[in-house]
Amino acid sequence: MSDHEQQQPTPRRGKVLETLARAERKVFTRPAPKSAKAQVQFLLTRTKDSARNLAERLGVSTRTVERYRAGKLTKPQKRLQAALVEATESEWQPQVRAQAREQAATSGGMMVTVVAYFGFTASGSSDDGRIRHITTPISPTYAAQILQLQENGATEEDLHPVVAEAITESYFTDRGTICDGLVAHFTHVQSIDFEF
C-alpha cells in the first residue's frame, strides 16, 4: 500500500456545525482554490511551508504532500479531497469570515431554516410535538452564542439547546411577547441552514 493510499478518514461534523461552515463559505468574495495542487500550495503558506505539519493535518505522509506540491499527483482519493477542501475553506479569507461573524453577533443576527421535530414544554400547552419547517431570523445575542460555541469547539449536543432556544424566542414566542414560559426542543434534524 502506497503513502497515497494510507489515508486516515476525515472526521464527520454534525448538521449544525456543517451548515455554519457552509454559511461562512457563502460570504467569500473570491473562490477558494479548487485543484489539489493549488489547495496544497495554499495550505503550505498557512503552515509556514511545513510539509510535515500539513501532512499531519491531512492524515497523509509528507511524501504525498510533496508530490501534490510538485504536481506529480493530481487526483486525490475521496477522503484526501474532502480533507483538502475542508482545510482550504477553513483557512480561506479569514478577514471576510471575521467581518461576517462580527456583523451577525453584533447587529445583523442570522437567518435559520430548519426542518426538524419540535417538542414543547409549557404550562397549559396542548400542542404536541411534530415535524416543522421553520424559517426565522435569530437575534444577534443568540447568533453570538452560537458562533462562540462553534469557535470553542462545541459539539452538536452543545449547540442544539441554544439553537432551539433561539428559534423559540424568535418564532414561537415572538421575542417574548406571547406564550411566556414555552420551551421548544428539537430533535431528528432533517435539514438546517444558516445565513449571515
Side-chain angles (χ1 to χ4, degrees), residues 10-32 42-43 45-48 53-54 56-58 82-122 132-196:
T10 56
R12 179 95 173 110
R13 289 194 279 183
K15 289 182 181 178
V16 175
L17 291 169
E18 181 57 39
T19 194
L20 283 169
R22 198 170 47 243
E24 286 181 341
R25 289 192 296 266
K26 288 180 185 177
V27 300
F28 290 162
T29 57
R30 295 184 332 213
F42 168 73
L43 291 170
T45 63
R46 295 295 190 201
T47 60
K48 297 187 177 30
N53 290 344
L54 180 56
E56 287 175 12
R57 180 175 179 183
L58 297 174
L84 282 169
V85 168
E86 175 67 29
T88 301
E89 290 181 350
S90 71
E91 297 280 338
W92 190 249
Q93 292 191 326
Q95 290 92 359
V96 172
R97 184 182 295 114
Q99 287 173 352
R101 292 172 70 92
E102 180 68 23
Q103 182 179 359
T106 58
S107 62
M110 294 189 297
M111 183 66 74
V112 64
T113 301
V114 63
V115 178
Y117 180 87
F118 283 86
F120 303 95
T121 307
R132 293 178 184 254
H133 182 132
I134 296 173
T135 300
T136 189
I138 292 178
S139 70
T141 305
Y142 283 108
Q145 285 180 343
I146 291 166
L147 294 171
Q148 188 63 47
L149 284 170
Q150 178 200 23
E151 201 172 290
N152 293 340
T155 64
E156 285 290 301
E157 291 76 30
D158 298 331
L159 287 167
H160 274 215
V162 178
V163 174
E165 190 177 324
I167 292 169
T168 300
E169 189 248 357
S170 173
Y171 184 81
F172 294 111
T173 66
D174 196 20
R175 310 254 186 257
T177 60
I178 57 173
C179 300
D180 192 34
L182 179 75
V183 177
H185 307 278
F186 75 9
T187 58
H188 303 85
V189 177
Q190 294 176 1
S191 69
I192 186 166
D193 193 32
F194 289 100
E195 195 172 301
F196 288 108

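None of the values given here were measured: they were computed from a predicted structure.
Taken to the nearest 0.5 Å, the CG atom of Leu17 stands 6.5 Å off from the CD atom of Gln150. Separation of atoms CD (Glu102) and CD (Gln95) is listed at 14.0 Å; rounding is to 0.5 Å. Rounded to the nearest 0.5 angstrom, Leu20 CG and Ile192 CD1 are separated by 7.5 Å. Here the CG-NE2 distance, from Leu149 to His160, works out to 12.0 Å after rounding to the nearest 0.5 Å. Atom CG of Leu54 and atom CD of Glu56 lie 10.0 Å apart (nearest 0.5 Å).
Nearest approach of Val162 to Asp158, heavy atoms of both residues: CG2-O, 4.0 Å. Across Ala104 and Ala143, no two heavy atoms sit closer than the pair O-CB, 3.4 Å. Of all heavy-atom pairs spanning Leu159 and Ala154, the tightest one is CG-CB, 4.3 Å.
No side-chain donor-acceptor contact under 3.5 Å links Thr19 to the backbone of Val16. No donor-acceptor pair under 3.5 Å is formed between the side chain of Glu89 and the backbone N or O of Arg25. When atom types are taken as modelled, the side chain of Thr45 and the backbone of Phe42 share a donor-acceptor pair closer than 3.5 angstrom. A donor-acceptor pair is defined here as one N or O able to donate and one able to accept, closer than 3.5 Å; no such pair exists between the side chain of Glu91 and the backbone of Leu43. One N or O on the side chain of Arg97 and one on the backbone of Trp92 form a donor-acceptor pair closer than 3.5 Å.
Remark: Arg101 engages Glu24, Glu151 in a salt bridge (Lys or Arg N to Asp or Glu O under 4.0 Å) (not counting sequence neighbours). Looking at residues two or more places apart in sequence or on another chain, you find a side-chain contact (heavy atoms from CB on, under 4.5 Å) between Gln190 and Val115, Ile131. For the side-chain hydrogen bond (donor to acceptor under 3.5 Å, both in side chains) test, no residue two or more places apart in sequence or in another chain qualifies with Glu195. Residues satisfying the side-chain contact (heavy atoms from CB on, under 4.5 Å) criterion with Ser107, sequence neighbours excluded, are Gln103. In this view, Ala23 and Phe194, Phe196 satisfy the side-chain contact (heavy atoms from CB on, under 4.5 Å) rule, not counting sequence neighbours.
Remark: Phe118 CZ is packed, more than 12 non-hydrogen atoms of other residues, nucleotides or ligands lying under 6.0 Å away. Shown here is His133, whose NE2 atom has more than 12 heavy atoms of other residues, nucleotides or ligands within 6.0 Å.
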Next on the checklist: salt bridge (charged side-chain N to carboxylate O under 4.0 Å, His left out) for Glu86 and Arg22? Distances and angles first, verdict last.
Outcome noted: CA-CA 10 Å; Glu86 175 67 29; Arg22 198 170 47 243; over 6 Å; no
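In this structure, Pro140 and Gln145 have side chains that are not in contact, with every pair of non-hydrogen atoms separated by 4.5 Å or more.
Among pairs with a residue in residues 135-144, those fulfilling side-chain hydrogen bond (donor to acceptor under 3.5 Å, both in side chains) read Thr113-Thr135, Thr136-Ser170, Tyr142-Glu165, at least two apart in sequence or across chains.
By the 4.0 Å N-to-carboxylate-O rule, Lys15 lies too far from Asp193 to be salt-bridged with it.
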